[in-house]
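Within every chain, numbering begins at 1; the chains are lettered A, B, ... in the order of the sequence lines, protein sequences first and strands thereafter.
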Amino acid sequence: MSRQYITTAIDYPNAPPHMGHVMEKVLADTVARWFRLRGDEVRFQVGTDEHGVKIERTAKKEGIDPMALVDRNVPLYQNLYHRLQISFDFFIRTTDEKTHWPTVIALWKKLQEAKALEKRTYTGLYCQGCERFMTARDLVDGKCAIHNAAPEKVSEENWFLLMQREGEWLKKLLTQKKGGYEIVPSERAQETLALIEQGLDDVSFSRPQSSLSWGIPVPDDLGQVMYVWCDALTNYASGVGVLTDRPEAVWWNDEDSEITHVIGKDIARFHALIWPTMLKNAGVRQPNRLLIHGFLTSDGQKMSKTIGNVVEPEEVLKKFGGNPDPLRFYLSHEIPVGNDGDFSWKRIGEVYDSMLRNKLGNLLNRVLVLLKKEGGTLGDCGKDAIGTAWKTYAESMDDFRLTDALAEAMKIVVGANEYIDARKVWALPAAEKAAELSNLAERLRHISLLLLPFIPSTAQEISRQLGVPYAEKMLEKDFVITAKMKEWGGQKDWRKVGEPRILFAPLSAP
RNA sequence: CGCGGGGUGGAGCAGCCCGGUAGCUCGCGAGGCUCAUAACCUCGAGGUCGGCGGUUCAAAUCCGCCCCCCGCAACCA
């Protein structure tokens, strides 16, 4: 039993949430649920990154206050995550001056004391139309492609975080076997290490208020506002009050607390390079791992408003009558952690029909209906039909190979369907039939537990219909899968099944 | 030579690190069953694993070169 602190990237709420956000939260939630179920003490945090020029600009366009904009949009995220049954314990907002700011400001001061910050003049090409600095890539013939105007050279004072000197140290941190900052899946580590090889540059850590006003002021330097790094990355620490006297800080400070950041591949470099550098210089311990997921395309193409293939999470929920499990199952089943994945309406419909409805739902139903006809009483559950499934499953889950773990659970479903046909269970003499059905019910009890981190409410519903005594407690945060529960026939007080109901209805049904 | 990911039966993917019958879901064809949500089960057709070359008794899997697709390239969150 250990202590697990798990976070997701904080979302930028200048627009409503999209499928990319959902993919990340479902991944993190499945991991968090697994940790709880295996008996760990878990704190799971999500949140929003609410500062920056983009929010400022969007608010201006709408003629409202930045704060009003985020206050309007943030609930969209919270609401969606609740309906997806993301079991977060804490939601952090970077505009929260009580929770977030004290850690940020303390961290800044620590960095300054450690002489990790330096004030310099930054010179770059600034496009008035875009209201931002341009990179070589943005320019066509030296002009801004959007505004067809040459950007002007602008100089401004910035605080910089000194990163150049950290290359060797970072490389060691990211590659050392024990006690390092592990990148999962390991394939993702390569590009980050390659970046270090190319040499690191110092990063801008603040901007003048004239360029960025919507942010946290730099302490003791009026006119400077913190740039995204110190503000946003620090949420992981501020959420538990690192560098303050809040008691939750144990989640971070305790040596035996494991810290996992779940993020997308696009921001891996910041989390792998800038964040540890900040922590090191501030004298705060390092996280344990970075769990990186890929991107979601839609029908094979990048989701984009111009192509018009953007999929709204709300639409997907609506299609399945508000049930988040088809979407949760789809993401976990179809997309190996770390890989890019594709969302298509056709595919999710197929997965729903084939896996959830026909294989899983139908299995539960045929077993329960048969059992009901026999009086619904359970006898001895007979020969173990699970074998090493729990072991394989747990190994996969512990290694964050969620797709493999889910496949292991579905293998039992398919096996049970095959078995029913091979044995012609429905045609057996009464005594034998009863014995076989008890065995099948026991298989389903295990299946329900195996599915619990992935599709929690469906898993609970399966156990309810089976009449398993612990069914009502399964969604509580302190519910733990005990050794007894994993044992074949381990649930001695379970003698009677409940009423069969359709688990997943056909989509075409009214 | 900027960095990284990918190219596997009609579609979408796994396998590749640790070489040795090419696996899964869907689709297609035939059959079985009727307990069940027209669901379930069995069998089958369909792949020169992007191309060329190398290593090896043996390569989708290791090495080299080439072609194609997709992200990122640091102030953009």
Side-chain angles (χ1 to χ4, degrees), chain A residues 9-14 48-55 94 122 124 130 132-138 158 160 163 186-195 197-198 200-207 211-212 227-229 231-233 263-270 273-274 294-295 297 299-302 333-336 338-342 344 346-347 349-351 353-374 403-404 407 410-411 414 416-428 433 437 440 500-506 509:
Chain A
I10 46 176
D11 306 317
Y12 202 68
N14 69 329
T48 37
D49 169 21
E50 307 182 14
H51 291 130
V53 177
K54 234 152 104 184
I55 294 276
T94 57
Y122 171 79
C130 300
R132 68 180 184 92
F133 284 99
M134 310 297 282
T135 61
R137 200 194 189 196
D138 299 319
N158 282 193
F160 278 79
M163 297 243 351
S186 53
E187 302 92 80
R188 287 271 167 220
Q190 282 181 38
E191 52 189 324
T192 308
L193 293 170
L195 282 172
E197 293 303 328
Q198 288 165 41
L200 301 172
D201 280 333
D202 301 334
V203 293
S204 171
F205 230 50
S206 78
R207 302 198 55 191
S211 327
L212 171 70
Y227 191 58
V228 60
W229 313 126
D231 182 347
L233 289 169
I263 59 159
K265 63 177 183 176
D266 54 333
I267 53 175
R269 57 158 63 95
F270 312 133
L273 304 176
I274 299 178
F295 278 170
T297 53
D299 283 320
Q301 285 179 299
K302 189 175 176 174
H333 187 262
E334 297 296 294
I335 308 167
N339 287 21
D340 288 344
D342 188 53
S344 83
K346 181 166 174 283
R347 183 71 187 149
E350 283 171 5
V351 168
D353 277 336
S354 161
M355 310 296 303
L356 292 178
R357 213 158 68 76
N358 297 349
K359 292 209 161 65
L360 178 62
N362 183 50
L363 172 67
L364 177 70
N365 202 235
R366 65 199 299 208
V367 169
L368 282 180
V369 169
L370 282 171
L371 265 167
K372 263 313 199 208
K373 288 179 188 163
E374 303 302 312
T403 302
D404 292 349
M410 291 309 288
K411 228 164 77 184
V414 171
N417 274 322
E418 285 170 14
Y419 186 82
I420 294 175
D421 276 63
R423 279 285 282 165
K424 293 193 191 303
V425 169
W426 62 88
L428 256 26
K433 193 197 284 187
L437 288 172
L440 285 160
R501 282 181 300 274
I502 297 294
L503 205 53
F504 294 102

* **Pairwise P distance, B:C26 and B:C41 [rounded to whole Å]** => 9 Å
* Asked: Expressed as a whole number of Å, how far does the P atom of B:C68 sit from that of B:C63?
  -> 22 Å
* Which of these nucleotides, B:G71, B:A74, B:U25, is closest to any side-chain atom of A:Lys265? -> B:G71
Can you give the donor-acceptor pairs under 3.5 Å from side chains of residues 416-423 of chain A to other protein atoms, not counting sequence neighbours?
residue	atom	partner	partner atom	Å
A:Asn417	OD1	A:Arg366	NH1	2.8
A:Asn417	ND2	A:Lys359	O	3.3
A:Tyr419	OH	A:Glu436	OE1	2.9
A:Tyr419	OH	A:Glu436	OE2	3.0
A:Asp421	OD1	A:Arg366	NH2	3.1
A:Arg423	NE	A:Glu436	OE2	2.8
A:Arg423	NH2	A:Glu432	OE2	3.2
A:Arg423	NH2	A:Glu436	OE2	2.8

What does the list of N/O pairs under 3.5 Å between the protein and nucleotides 10-19 of chain B look like, with a distance for each?
residue	atom	partner	partner atom	Å
B:A14	OP1	A:Asn339	ND2	2.3

Can you pull every protein N or O that's under 3.5 Å from an N or O on nucleotides 29-31 of chain B?
none

* Asked: When the aromatic ring centroids of A:Trp229 and A:Phe205 are compared, is their separation below 6.0 Å?
  -> no
* Toss me the dot-bracket line for RNA chain B: Watson-Crick and G-U wobble, both under 3.5 Å, 5' to 3', using | for pairs to another strand and [ ] for crossers. => .(((((((.[[[[.)....(..]]]].(((((.......))))).....[[[[[..)....]]]]])))))).....
* Asked: Is there a donor-acceptor pair closer than 3.5 Å between any side-chain N or O of A:Tyr227 and the backbone N or O of A:Asn158?
  -> no
* Which part of the nucleic acid, if any, lies within contact of A:Asp231, taking any heavy atom under 4.0 Å across all strands shown: a base, the sugar-phosphate backbone alone, or nothing? -> nothing
Polar-atom pairs under 3.5 Å, protein N or O versus N or O of nucleotides 21-24 of chain B: list them with distances, or write none.
none

* Asked: For every nucleotide of nucleotides 34-42 of chain B, 5' to 3': is a protein heavy atom under 4.0 Å from its base (B), only from its sugar-phosphate (S), or from neither (-)?
  -> SBBB-SBSS
